[in-house]
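This report concerns only the one structure given below.
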Amino acid sequence: MEKTFLMIKPDGVQRNLVGAIVGRLENKGFRIAGAKLMQVSEELAKTHYQEHEEKPFFGELVDFITSGPVFAMVLEGDNVIDTARLAVGATNPQQAAPGTIRGDYGLTVGKNIIHGSDSKESAEREISLFFNEDEILDYSLSNSAWIY
Ligand code: DAT
Ligand code: MG
């Protein structure tokens, strides 16, 4: 089954939103395959966001994502890359629909609470950037027959 990478950004951790956000994702039916609180280094931040290297906000983005601990997750589920992005909502929280994480918890694009991989390629890349293989657990949830 498909896996994706999600990361609650430093604003989400500081605002005590980890439990609420993880709860939403669990409730949806996704399986948590890996999760950890961690400090992102400047090097990891620059690699993770390398597609935005030339953008005017790149420096600010790297400073922000390294400004405090993040909560990184690998989630598994049917079509989880796209469905988790829907749950995350639009990049700008002012345009994100109510009911989405950014729509419900954020107000500015610079502090938009959570990251989610946007494609199969970026999911694979980001999972391997943030997690060692032995941190991703292959187990089954006893309720999966009630979801699938
Ligand atoms: P997303 O995180 O929805 O995939 P993205 O990949 O376009 O969005 O941008 C990565 C992050 O960069 C985004 O979550 C917040 C920040 N960002 C994007 N556009 C920005 C802008 N115009 N000003 C400031 N920060 C921005
Ligand atoms: Mg992106």
Side-chain angles (χ1 to χ4, degrees), residues 1-138 141 147:
M1 209 172 299
E2 193 171 87
K3 288 190 178 69
T4 196
F5 173 71
L6 293 183
M7 171 172 59
I8 302 173
K9 298 181 181 183
D11 53 337
V13 173
Q14 291 297 330
R15 291 178 53 200
N16 304 320
L17 293 172
V18 172
I21 292 170
V22 173
R24 285 172 175 232
L25 299 165
E26 282 187 298
N27 288 345
K28 175 75 175 166
F30 301 135
R31 183 179 73 84
I32 302 170
K36 59 183 172 184
L37 188 73
M38 62 179 282
Q39 173 64 46
V40 176
S41 68
E42 190 180 328
E43 188 191 359
L44 177 58
K46 286 180 170 166
T47 309
H48 172 65
Y49 280 126
Q50 69 188 18
E51 64 174 306
H52 299 298
E53 213 164 29
E54 306 301 327
K55 308 264 171 69
F57 57 82
F58 184 68
E60 212 177 297
L61 183 57
V62 169
D63 286 349
F64 170 57
I65 213 71
T66 58
S67 65
V70 300
F71 192 80
M73 287 168 275
V74 177
L75 295 188
E76 185 185 74
D78 191 24
N79 203 23
V80 67
I81 298 170
D82 288 347
T83 49
R85 282 280 289 193
L86 280 178
V88 163
T91 303
N92 185 341
Q94 293 186 13
Q95 271 133 36
T100 65
I101 295 167
R102 288 169 172 168
D104 286 351
Y105 298 129
L107 264 178
T108 62
V109 72
K111 294 191 172 72
N112 64 0
I113 313 285
I114 187 166
H115 166 85
S117 304
D118 64 5
S119 66
K120 216 169 181 55
E121 295 67 40
S122 58
E124 275 169 24
R125 177 176 167 276
E126 292 166 3
I127 288 169
S128 62
L129 264 178
F130 282 82
F131 284 85
N132 295 319
E133 257 172 56
D134 65 1
E135 293 175 315
I136 299 169
L137 306 185
D138 185 20
L141 288 173
I147 294 164

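Here the structure is a predicted model, which means the values were calculated and not measured. First listed ligand is number 1; within each ligand, the first listed atom is number 1.
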Would you call the rings of F5 and F131 parallel, tilted or perpendicular, taking 30° and 60° as the class edges?
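The arrangement is perpendicular - the two ring planes meet at more than 60°.
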Could you tell me how the ring of F130 sits relative to the ring of H48: parallel (under 30°), tilted (30 to 60°) or perpendicular (over 60°)?
perpendicular
Can you tell me which residue and heavy atom of the protein come closest to [atom], and the distance to 0.1 Å?
{"atom": "atom 21 (C) of ligand 1", "result": "F57 CD2, 3.5 Å"}
{"atom": "atom 3 (O) of ligand 1", "result": "T91 OG1, 2.5 Å"}
{"atom": "atom 15 (C) of ligand 1", "result": "V109 O, 3.4 Å"}

Between D104 and P98 (side chain of the first, backbone of the second, donor and acceptor by atom type, cut-off under 3.5 Å), is there such a pair?
no
Between E124 and K120, is the salt bridge (charged side-chain N to carboxylate O under 4.0 Å, His left out) condition met? List the steps.
CA-CA 6 Å; E124 275 169 24; K120 216 169 181 55; 5.3 Å; no
If I apply the N/O under 3.5 Å rule, does [X] come out as touching ligand 1?
{"X": "Y49", "answer": "no"}
{"X": "E60", "answer": "no"}
{"X": "H115", "answer": "no"}
{"X": "H52", "answer": "yes"}

Can you tell me if [X] has over 12 outside heavy atoms packed within less than 6.0 Å of its [atom1]?
{"X": "L37", "atom1": "CG", "value": "yes"}
{"X": "E60", "atom1": "CD", "value": "no"}
{"X": "Q39", "atom1": "CD", "value": "yes"}

With heavy atoms of [X] as the reference, note each atom of ligand 1 found under 4.0 Å away.
{"X": "N112", "value": "13 (C), 14 (O), 15 (C)"}
{"X": "R85", "value": "1 (P), 3 (O), 4 (O)"}
{"X": "L61", "value": "11 (C), 12 (O), 16 (C)"}

Below 4.0 Å from ligand 1: does a non-hydrogen atom of D118 turn up there or not?
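Outside the 4.0 Å threshold, so no.
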4.0 Å heavy-atom contact, M7 with ligand 1
no
Scan the side chains in residues 79-86 for donor-acceptor partners under 3.5 Å anywhere in the protein, sequence neighbours excluded, and list what turns up.
residue: T83; atom: OG1; partner: N79; partner atom: O; Å: 2.8
residue: T83; atom: OG1; partner: V80; partner atom: O; Å: 3.4
residue: R85; atom: NH1; partner: G116; partner atom: O; Å: 3.1

Under the side-chain contact (heavy atoms from CB on, under 4.5 Å) test against M7, which residue among I65, I113, V13 passes?
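Exactly one option meets the side-chain contact (heavy atoms from CB on, under 4.5 Å) with M7, and it is I65.
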Heavy atoms only, cut-off 4.0 Å: how does R102 contact ligand 1, side chain, backbone, both, or neither?
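Contact part for R102 vs ligand 1: side chain (C-beta onward).
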